[in-house]
Amino acid sequence: MMLTALILSDSRFPGGGHVHSGGLEEAAARRLVVDEPSLRSFLHGRLVTAGLLAAGFAAAAARGEDLGVLDAELDARTPSPAQREASRAQGRGMLRAARRAWPSARLDALPRDPHQPLVIGVLVGDAFEAALTCAYLAVSGPASAAVRLLGLDPFGVNAIVASLPVEDVASRACTALPALGSPALDLLAEAHVRREGVRLFGS
């Protein structure tokens, strides 16, 4: 359902995604992302690794594959405990909002504390649209965080997002369950959760 995908992709959807930076806060703190070129590199890397992984599982959930198996498989492909918790936290938030907007027995079939891509797949119901939603969210959240954390020009940041191969990644995600890693993002997530002092984002 395209309208559902659009609503889920909207930053105003109250699913809790706004409190997660997808590793961008830690990358900025370590001066790995400081300007538009370094942001472009970060977002592209995130899209073709973590974004592709999430999109593949969203597509599988939309096709009606076993949700319990998918949840366990996504856990196995996410070695960082901080990354797993971030995915489940966003899944909880999205599921809570979705139960109000689109109550259904299919939502009740989700595992307890599900990963976010599975919630998206169940809600959207179309494999490509679900994958596209996940792929877009993988970069739109960190892009928004970059504006807040680094004071980058929002016009330039959105131009970067528009130039990324989001549709290509979504198409690839529909062919098979990815089994690739993103060790840099895992390390950033683990460092972020241990960082002392004030943090603007939960991940």
Asks: Where do Leu53 and Leu74 land on the side-chain contact (heavy atoms from CB on, under 4.5 Å) test, with the steps shown first?
Replies: CA-CA 8 Å; Leu53 182 68; Leu74 186 48; 4.0 Å; yes

Asks: Give a yes or no on whether a salt bridge exists between Arg92 and Glu85, defined as a side-chain N under 4.0 angstrom from a carboxylate O.
Replies: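 Salt bridge flag = yes for Glu85 with Arg92.
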
Asks: Would you say that Val147 contacts Ser144 through its side chain, given a criterion of any heavy-atom pair below 4.5 Å between the two side chains?
Replies: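 A side-chain contact under 4.5 Å is absent here.
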
Asks: Go through it in stages, so that I can follow the logic: the residues are Leu39 and Leu24, the test is side-chain contact (heavy atoms from CB on, under 4.5 Å), and I'd like the CA-CA distance, side-chain angles, deciding distance and then a yes or no.
Replies: CA-CA 9 Å; Leu39 177 63; Leu24 194 282; 4.0 Å; yes

Asks: Residues in side chain to side chain contact (heavy atoms under 4.5 Å, CB included) with Glu65, at least two apart?
Replies: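 Glu65 satisfies side chain to side chain contact (heavy atoms under 4.5 Å, CB included) with Ala60, Arg63, Leu70 once adjacent residues are dropped.
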
Asks: For a 4.5 angstrom cut-off between non-hydrogen side-chain atoms, does Gln116 reach Leu137?
Replies: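 They are in contact (side-chain heavy atoms under 4.5 Å apart), so the answer is yes.
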
Asks: Any side-chain heavy atom of Asp75 within less than 4.5 Å of one from Arg88?
Replies: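 In contact.
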
Asks: Can you confirm whether Pro165 sits close enough to His44 that some side-chain heavy atom of one is under 4.5 Å from a side-chain heavy atom of the other?
Replies: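 SC-SC contact between Pro165 and His44 confirmed.
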
Asks: So, taking the atom named CG in Asn158 and the one named CG in Leu152, what distance separates them when rounded to the nearest 0.5 Å?
Replies: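 Reported to 0.5 Å precision, the distance equals 11.5 Å.
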
Asks: List for me each residue that meets side chain to side chain contact (heavy atoms under 4.5 Å, CB included) alongside Ser171, sequence neighbours excluded, and say none if there are none.
Replies: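 Only Phe128 meet the side chain to side chain contact (heavy atoms under 4.5 Å, CB included) criterion with Ser171.
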
Asks: Between Pro103 and Ala101, what is the shortest heavy-atom contact and its length?
Replies: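 It is CD-C, 3.6 Å.
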
Asks: Quick one: which of Asp71, Ile120, Leu110, Leu67 gives a side chain to side chain contact (heavy atoms under 4.5 Å, CB included) with His115?
Replies: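 The side chain to side chain contact (heavy atoms under 4.5 Å, CB included) with His115 is passed solely by Asp71 among Asp71, Ile120, Leu110, Leu67.
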
Asks: Would you compute the distance between atom CG of Leu3 and atom CG of Leu8 and round it to the nearest 0.5 angstrom?
Replies: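 Leu3 atom CG to Leu8 atom CG measures 9.5 Å (nearest 0.5 Å).
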
Asks: Looking at Arg106 and Gly64, what are the two nearest heavy atoms and their distance?
Replies: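 Between these two residues, the closest heavy atoms are NH2-CA, 3.4 Å.
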
Asks: Write down the atom of Val124, the atom of Ala130, and the distance for their closest heavy-atom approach.
Replies: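 What the structure gives for the nearest pair is CG1-N, 3.6 Å.
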
Asks: Are side-chain heavy atoms of Val122 and Trp102 found at a separation under 4.5 Å?
Replies: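 Not in contact.
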
Asks: Give, for atom CD of Glu26 and atom OG of Ser21, the distance between the pair rounded to the nearest 0.5 Å.
Replies: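 These two atoms lie 8.5 Å from each other.
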
Asks: With side-chain contact (heavy atoms from CB on, under 4.5 Å) as the criterion, how do Val119 and Leu123 come out once you've worked through the C-alpha distance, each side chain's angles and the decisive distance to 0.1 Å?
Replies: CA-CA 6 Å; Val119 180; Leu123 288 170; 3.8 Å; yes

Asks: Is there a side-chain contact between Phe57 and Leu177 (heavy atoms, below 4.5 Å)?
Replies: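 When only atoms from C-beta onward are counted, Leu177 and Phe57 do touch, with a gap below 4.5 Å.
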
Asks: Quick check: closest heavy atoms across Cys174 and Ala59, and the distance to 0.1 Å?
Replies: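 Shortest heavy-atom contact: SG-CB, 4.1 Å.
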
Asks: Around atom CZ of Arg77, are there more than 12 heavy atoms of other residues, nucleotides or ligands at under 6.0 Å?
Replies: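 It does: Arg77 CZ has more than 12 such atoms within range.
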
Asks: Looking at Glu36 and Arg40, is any side-chain nitrogen of the basic one under 4.0 Å from a carboxylate oxygen of the acidic one?
Replies: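 Salt bridge between Arg40 and Glu36, a charged N being under 4.0 Å from a carboxylate O: no.
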
Asks: May I ask you to test the Pro117-Ser87 pair for a side-chain heavy-atom distance under 4.5 Å?
Replies: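 Side-chain contact under 4.5 Å: yes.
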
Asks: Do Val161 and Phe155 belong together in a cluster built from hydrophobic side chains that touch within less than 4.5 Å?
Replies: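 Val161 does not cluster with Phe155.
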
Asks: Taking everything shown except Arg99 itself, do over 12 heavy atoms lie less than 6.0 Å from its CZ?
Replies: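 Enclosed.
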
Asks: For the residue pair Gly51 and Val169, what are the closest heavy atoms and their distance?
Replies: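 Nearest pair, atom of Gly51 first, then Val169: C-CG1, 4.5 Å.
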
Asks: Measure across Pro14 and Ala97 and return the closest heavy-atom pair with its distance rounded to 0.1 Å.
Replies: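 Heavy atoms of Pro14 and Ala97 come nearest at O-CB, 3.7 Å.
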
Asks: With a 3.5 Å distance limit and no angle check, can you tell me whether Glu73 reaches the backbone of Val69 through a side-chain donor-acceptor pair?
Replies: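 No.
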
Asks: Can you find a pair of side-chain heavy atoms, one from Asp126 and one from Met2, that are under 4.5 Å apart?
Replies: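 Answer no - side chains too far apart.
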
